[in-house]
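Shown next, in structure tokens, is the structure this report addresses.
So that the names make sense, note that chain A is the first sequence line, chain B the second, and so on, each numbered from 1. All values below were derived from every heavy atom in this structure, side-chain atoms included, with hydrogens, water molecules and symmetry-related copies excluded. Source: prediction; values computed, not measured.
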Protein chains: 2
Amino acid sequence: MTSKNIPEHARVYGCLRDMILFGDLVPGQPVTIQGLVDQLDVGMTPVREALRRLTAEGALMAMGNRRIVVPKLGLSHLEEIYYARLAIEPKLAEIAAKKSTPRLVSDLQIIDDRVDAAIAKGDIGAYLRENHAFHFRLYRAAEAEVLQSIALSLWLRIGPSLRAVGGRRGTTNLPDKHDKAITGLVASDSSMVYSAIEEDLRQGMDHVRQDMIFQNGEEAD
Amino acid sequence: MTSKNIPEHARVYGCLRDMILFGDLVPGQPVTIQGLVDQLDVGMTPVREALRRLTAEGALMAMGNRRIVVPKLGLSHLEEIYYARLAIEPKLAEIAAKKSTPRLVSDLQIIDDRVDAAIAKGDIGAYLRENHAFHFRLYRAAEAEVLQSIALSLWLRIGPSLRAVGGRRGTTNLPDKHDKAITGLVASDSSMVYSAIEEDLRQGMDHVRQDMIFQNGEEAD
DNA sequence: GTGAAATAAATATGATCAAATTATTTCAAC
DNA sequence: GTTGAAATAATTTGATCATATTTATTTCAC
């Protein structure tokens with residue numbers, strides 16, 4: 001059983017990426033190389049590589065002075081992400097719909113059940129994980145590397161803020177146009193899948209935007 | 001002595017990035033760590049960091065087996081890039097137009113003169129450089145980090161192929177809707193700037209697409 | 001053509017040096 | 001005598017390199 005032998009830098013990358021994607025890191029939080037070396041018990045070269053990669057993807061942000069932090073989004077950045085997500089993700093979903101398989105549909109149904117369960121339990125962490133799984137299982141089916149990597153970058157940028165919003169507002173009012181997307185897939189109606197994902201994004205992003213505007217009014221920074 | 005003391009890994013990154021952006025590296029060409037260490041006379045840690053970053057941006061591609069190469073685009077990847085560029089770049093131009101300054105206009109005029117000169121001389125390298133300078137001087141004015149970083153990633157992906165096409169077809173028939181864009185800026189007509197950049201991209205990308213289809217017909221791989 | 005040895009390149013560690021932040025001390029002013 | 005600001009010392013963190021280990025590929029023998 002020769003294990004896949006994933007390189008350390010890839011393991012560190014995956015670990016950090018998930019932490020950012022699922023809100024284990026707070027916006028504004030500093031990320032130190034030495035801290036990760038101690039915490040994950042690896043050398044510093046792999047850590048550095050992982051950090052450069054995540055910085056390039058927008059998941060982390062390099063300040064001028066050698067410091068790396070989890071970015072906290074401003075309203076203008078949020079609008080950019082909103083625009084880009086609407087431009088990229090529904091298209092990915094549409095392409096995926098044209099290549100749909102029974103396997104894709106059954107996978108998505110299973111995942112969506114878990115999404116619903118997480119919402120019912122009020123478990124933000126599980127919701128973020130399963131919601132991500134749903135979208136990227138769909139996007140992966142599009143077999144469109146370039147668009148998918150853009151989508152991942154956008155999710156990484158918004159991950160920490162999603163968690164923060166969920167923590168304040170709970171799991172009520174979370175978007176769920178997943179049913180409509182699945183219906184579109186089984187009906188081979190790619191434009192229905194397109195609009196389902198579009199609506200799903202709009203709901204989620206509007207949620208974040210409203211929270212951000214509210215927060216801005218409450219606390220000055 | 002106001003040297004900014006740019007770190008090695010950033011210098012290596014910038015160097016490699018320009019080489020890819022302006023076609024000094026051929027699609028399919030392997031990029032080795034050792035080679036860069038010898039060529040640029042730096043340690044391997046900075047080289048590794050630069051390579052990870054460029055890989056994350058899509059400028060380089062990691063094969064499964066520890067090899068890194070300059071990706072060569074297939075037709076389906078080209079279509080993805082085409083779609084994404086049309087979704088992102090005209091929007092960036094439009095935002096920039098709404099924040100236009102006299103300084104921006106004069107900068108763009110100067111750069112566009114250099115673009116025309118490069119076309120007249122048939123100097124592909126200079127054309128790629130000045131054309132990039134024109135677009136990103138405009139995009140930079142939008143002050144939209146997220147969209148701009150997506151645009152950069154897309155340019156990095158298509159850079160090597162642009163050079164290859166230019167090498168085969170020369171500088172004739174290269175797009176130049178730059179005049180229209182500048183006209184739109186001085187007229188404060190942001191939708192005119194939007195469509196100017198849109199047309200510019202279409203011309204350039206159609207050029208690459210046609211060449212790619214032709215090449216596919218000629219040589220099998 | 002298959003398998004084992006050789007080669008070359010990538011991965012990973014720890015040490016060393018440089019830079020930046022934090023803590024501390026000193027000195028001056030009230 | 002206490003407070004506050006500036007300067008300096010100390011600690012933490014980042015950047016780079018040299019080296020050892022692992023892994024993929026190639027070469028050569030059978």
CD (A/E89) and CG (A/L154) are apart, to the nearest 0.5 Å, by 6.5 Å

Taken to the nearest whole Å, CG/B/D41 to P/D/dA18 is 10 Å

Review point. Are A/Y139 and A/H135 an aromatic pair by the rule of ring centers under 6.0 Å?
Key: yes

- Query: Do the two ring centres, one from B/F136 and one from B/H132, sit under 6.0 Å apart?
  - Reply: yes

**Asked** Can the positive tip of B/R17 be found less than 6.0 Å from the middle of the six-membered ring of B/W155, inside 45° of the ring normal?
**Response** no

Are side-chain N/O atoms of A/R157 and A/H77 paired as donor and acceptor at under 3.5 Å? no

N/O-N/O pairs, protein side and nucleotides 12-16 of chain D side, under 3.5 Å:
unit_1	atom_1	unit_2	atom_2	d
D/dG14	OP1	A/I33	N	3.3
D/dG14	OP2	A/I33	N	3.0
D/dG14	OP2	A/Q34	N	3.2
D/dG14	N7	A/Q34	NE2	3.0
D/dA15	OP2	A/R48	NH2	2.4
D/dA15	OP2	A/R52	NH2	3.3
D/dA15	O5'	A/R48	NH2	2.9
D/dT16	OP1	B/E8	N	2.2

